[in-house]
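Everything below concerns the one structure shown next.
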Amino acid sequence: MSTHAADPLAALAALPGVPDAVDSVRKAVDRVYGHRVMRRRSNEISSEAALRGARASAALSGADWALEEVRRRTDFGGDPEARTVGAALRLGVEVGQLLSIWRQSPLRVLARLHLVAAGDAADSVGRPRKAGESVDEPLIEAPLPGAAEVAARLDGLAELVVAGTSAPALVTAAVVHGELLALRPFTTYSGLVARSAERLVLIGSGLDPKAVCPAEVGHAELGRAAYVAAFDGYLSGTPQGMAQWIAHCGRAVELGVRESTAVCEALQRGAA
């Protein structure tokens, strides 16, 4: 992302189709927040959204487990798929603890997210990758930026976050998500971290303060092929491509809303 404009994110918010996506997301979020169950049992909805979001994010990273398997399991230290699911679950818990730090020190938060995801003390954990280090990131096969470019673009992203923006939360969240996917700044779990950062922005911005709109669920439901195709739009850097990516992220949030609405309905019926 270029930072030459005073508020480059606000410029993205004006791209064709983006205002409609923003409006559609806002209406969807308002509907679930107005559900009668949300007024009484929002903590339960938040917990379930975190679980379902983690399962979905892990699925996009190659560990597509059934929800009940994720709910049932207690050991996530075995094979690579189990470690991926465990990483996603830990991130789902951690995001809520980092909201107050994000706007002041986003790079510190990203380092913390990777540390939590990796769950070990390897030298590569909790810092951007160095030149020559390999990257394990399922699904995303785009050309990998070098370490120097990663460092510079991470600094640029942090500057955007700290400076603040008049852009809607959806736009900011989509750019944070897309930029981290493009950079794959860590040797492992960059996709999980990118999707967690997207959710962090949606929560911290006030769009989804109770964390009940798991965009990860929508990204998984739309499918890996659609996710990669929309991300190619982000990588292109063209107005059309950027608008395509932002709209895709908007649809993902709306599907996350639909998931939590279904949970609300089930609780209302006494079925969950």
Show me, pair by pair, the donor-acceptor contacts under 3.5 angstrom made by side chains of residues 106-114, not counting sequence neighbours?
residue	atom	partner	partner atom	Å
R112	NE	E94	OE2	2.9
R112	NH2	E94	OE2	3.4
H114	ND1	G126	N	3.0
H114	NE2	T188	O	3.0
H114	NE2	T188	OG1	3.1

Q | side chain to side chain contact (heavy atoms under 4.5 Å, CB included) partner of P185, chosen from V135, V150, L157, V193 | A | V150
Q: Please report the closest heavy-atom contact between A182 and Y234, naming both atoms and the distance.
A: CB-CE2, 4.3 Å
Q. Above 12 or not: heavy atoms from other molecules or residues under 6.0 Å from CD of E149?
A. yes
Q. Hey, what else clusters with L51 if you join Ile, Leu, Val, Met, Phe, Trp, Tyr whenever side-chain heavy atoms sit under 4.5 Å?
A. W65, L67, V70, F76, V85, L89
Q) Which pair of heavy atoms, one from L235 and one from A142, lies closest together, and at what distance? A) CD1-CB, 3.4 Å
Q: Output yes when a side-chain donor or acceptor of E48 lies under 3.5 Å from a complementary backbone atom of I45, and no otherwise.
A: no
Q.
I'd like to know whether CD of E141 has more than 12 heavy-atom contacts from other residues, nucleotides or ligands below 6.0 angstrom.
A. no
Q) Remaining members of L222's ILVMFWY cluster at a side-chain heavy-atom cut-off under 4.5 Å? A) L255
Which atom pairs, donor and acceptor, lie under 3.5 Å between side-chain atoms of residues 256-263 and protein residues at least two apart or in another chain?
residue	atom	partner	partner atom	Å
R258	NH2	E221	OE2	2.2
E259	OE2	R52	NH1	2.9
S260	OG	V212	O	2.5
T261	OG1	V257	O	2.8

Side-chain donor/acceptor pairs under 3.5 Å, residues 18-25, sequence neighbours excluded:
residue	atom	partner	partner atom	Å
D23	OD2	K27	NZ	3.2
S24	OG	E254	OE1	3.0
S24	OG	E254	OE2	2.9

Which donor-acceptor pairs under 3.5 Å do side chains of residues 194-203 form with protein atoms, sequence neighbours excluded?
residue	atom	partner	partner atom	Å
R195	NE	S57	OG	2.7
R195	NH1	Y227	OH	3.0
R195	NH2	S57	O	3.0
R195	NH2	S61	OG	2.7
S196	OG	L192	O	3.0
E198	OE1	H177	ND1	3.2
E198	OE1	H219	NE2	3.1
E198	OE2	H177	ND1	3.4
E198	OE2	H219	NE2	3.4
R199	NH2	A211	O	3.1

